[in-house]
Amino acid sequence: MSLKINIFLICVLCVALYSATDLNFGTIGGQLVYQEQVKLGSLPFTVRVKNVFYSSNNTKVIKGISAVDLGNTKAKVKITAGGVNFTFVNVLLNSERGEALNYLVQIYA
Ligand SMILES: *[C@@H]1O[C@H](CO)[C@@H](O)[C@H](O)[C@H]1NC(C)=O
Ligand SMILES: *[C@@H]1O[C@H](CO)[C@@H](O)[C@H](O)[C@H]1NC(C)=O
């Protein structure tokens, strides 16, 4: 692939990442094993941060993780540990500066 096309693809990817508010990882469906609604109010000039941790107490691995933006708050969602094919996951939510967080995090196995 030429350099131009690569740069173009990277730009498209960046735009996709930054405009996405609902995020899915892996396969959504199957059994919902855990869900948590994260609701944090806005504080001036502050990034609200929340970790959602789930750990299975058996050997069933995670098949899908979904983060739904309930309040159009456009947080950054990142898996910082485990994830699809693991028995545990840590999902990190970072609000925009000065904005609230209102997300529904769901884990499917
Ligand atoms: C862990 O196991 C117990 C007993 O089997 C069950 O009641 C509970 O819901 C399980 N917790 C999770 C997070 O899977
Ligand atoms: C999870 O495991 C399946 C089956 O081994 C594999 O096809 C898939 O690519 C894996 N997914 C990730 C995100 O590692």
Side-chain angles (χ1 to χ4, degrees):
M1 240 190 287
S2 79
L3 187 62
K4 254 187 190 161
I5 293 177
N6 275 329
I7 290 172
F8 173 74
L9 279 180
I10 288 168
C11 291
V12 169
L13 270 177
C14 290
V15 169
L17 282 178
Y18 283 102
S19 62
T21 49
D22 295 350
L23 287 174
N24 290 329
F25 305 91
T27 314
I28 307 306
Q31 191 192 354
L32 178 66
V33 289
Y34 183 76
Q35 70 173 346
E36 182 173 334
Q37 186 178 352
V38 174
K39 215 171 172 184
L40 292 176
S42 61
L43 288 177
F45 314 114
T46 306
V47 174
R48 303 305 310 264
V49 177
K50 172 81 185 181
N51 280 287
V52 175
F53 184 74
Y54 163 80
S55 180
S56 161
N57 58 9
N58 52 44
T59 54
K60 213 168 172 185
V61 298
I62 294 167
K63 293 209 187 89
I65 299 148
S66 116
V68 181
D69 189 355
L70 297 175
N72 199 27
T73 53
K74 293 190 176 60
K76 290 201 186 84
V77 181
K78 201 171 153 192
I79 291 176
T80 55
V84 174
N85 289 349
F86 288 84
T87 56
F88 65 96
V89 66
N90 190 75
V91 181
L92 174 66
L93 299 165
N94 275 295
S95 78
E96 291 191 298
R97 192 167 295 280
E99 298 294 331
L101 262 186
N102 190 3
Y103 267 72
L104 180 65
V105 177
Q106 295 180 314
I107 317 282
Y108 293 87

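For clarity, every value in this text was computed on a predicted model and none was experimentally measured.
Judged as a side-chain hydrogen bond (donor to acceptor under 3.5 Å, both in side chains), and not counting sequence neighbours, the contacts of T80 are N90. Qualifying side-chain hydrogen bond (donor to acceptor under 3.5 Å, both in side chains) partners for K60, counting only residues two or more places apart in sequence or in other chains: Q31. Qualifying side-chain hydrogen bond (donor to acceptor under 3.5 Å, both in side chains) partners for Q106, counting only residues two or more places apart in sequence or in other chains: Q35, Y108. For the side chain to side chain contact (heavy atoms under 4.5 Å, CB included) test, no residue two or more places apart in sequence or in another chain qualifies with T27. Applying the ring pair (Phe, Tyr, Trp, His ring centres under 6.0 Å) rule to F86 yields the partners F88; only residues at least two apart in sequence or on another chain are considered. Residues that satisfy the salt bridge (charged side-chain N to carboxylate O under 4.0 Å, His left out) test with E36, not counting sequence neighbours, are K50.
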Can you give the donor-acceptor pairs under 3.5 Å from side chains of residues 37-44 to other protein atoms, not counting sequence neighbours?
| residue | atom | partner | partner atom | Å |
| --- | --- | --- | --- | --- |
| Q37 | NE2 | N102 | OD1 | 3.0 |

Show me the side-chain donor-acceptor pairs of residues 64-71 shorter than 3.5 Å, one per line, residues at least two apart or across chains.
| residue | atom | partner | partner atom | Å |
| --- | --- | --- | --- | --- |
| D69 | OD1 | G71 | N | 3.4 |
| D69 | OD1 | N72 | N | 3.0 |
| D69 | OD1 | T73 | N | 2.9 |
| D69 | OD1 | T73 | OG1 | 3.2 |
| D69 | OD2 | T73 | N | 3.1 |
| D69 | OD2 | K74 | N | 3.0 |
| D69 | OD2 | Y103 | OH | 3.4 |

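Residue pairs meeting the ring-ring contact (aromatic ring centres under 6.0 Å, His included) criterion with at least one partner in residues 58-81, sequence neighbours excluded, do not occur; the list is empty. Residue pairs meeting the salt bridge (Lys or Arg N to Asp or Glu O under 4.0 Å) criterion with at least one partner in residues 83-95, sequence neighbours excluded, are absent. Contacts classified as salt bridge (Lys or Arg N to Asp or Glu O under 4.0 Å) and involving residues 83-94 (residues at least two apart or in different chains) are not found. Sorted by first and then second residue, the ring-ring contact (aromatic ring centres under 6.0 Å, His included) pairs with a member in residues 55-80 form an empty list; sequence neighbours excluded.
Pairing each heavy atom of S95 with each of A75, the nearest pair is CA-CB, 4.0 Å. The minimum heavy-atom distance between V89 and F53, with the atom names listed, is O-CD1, 3.3 Å.
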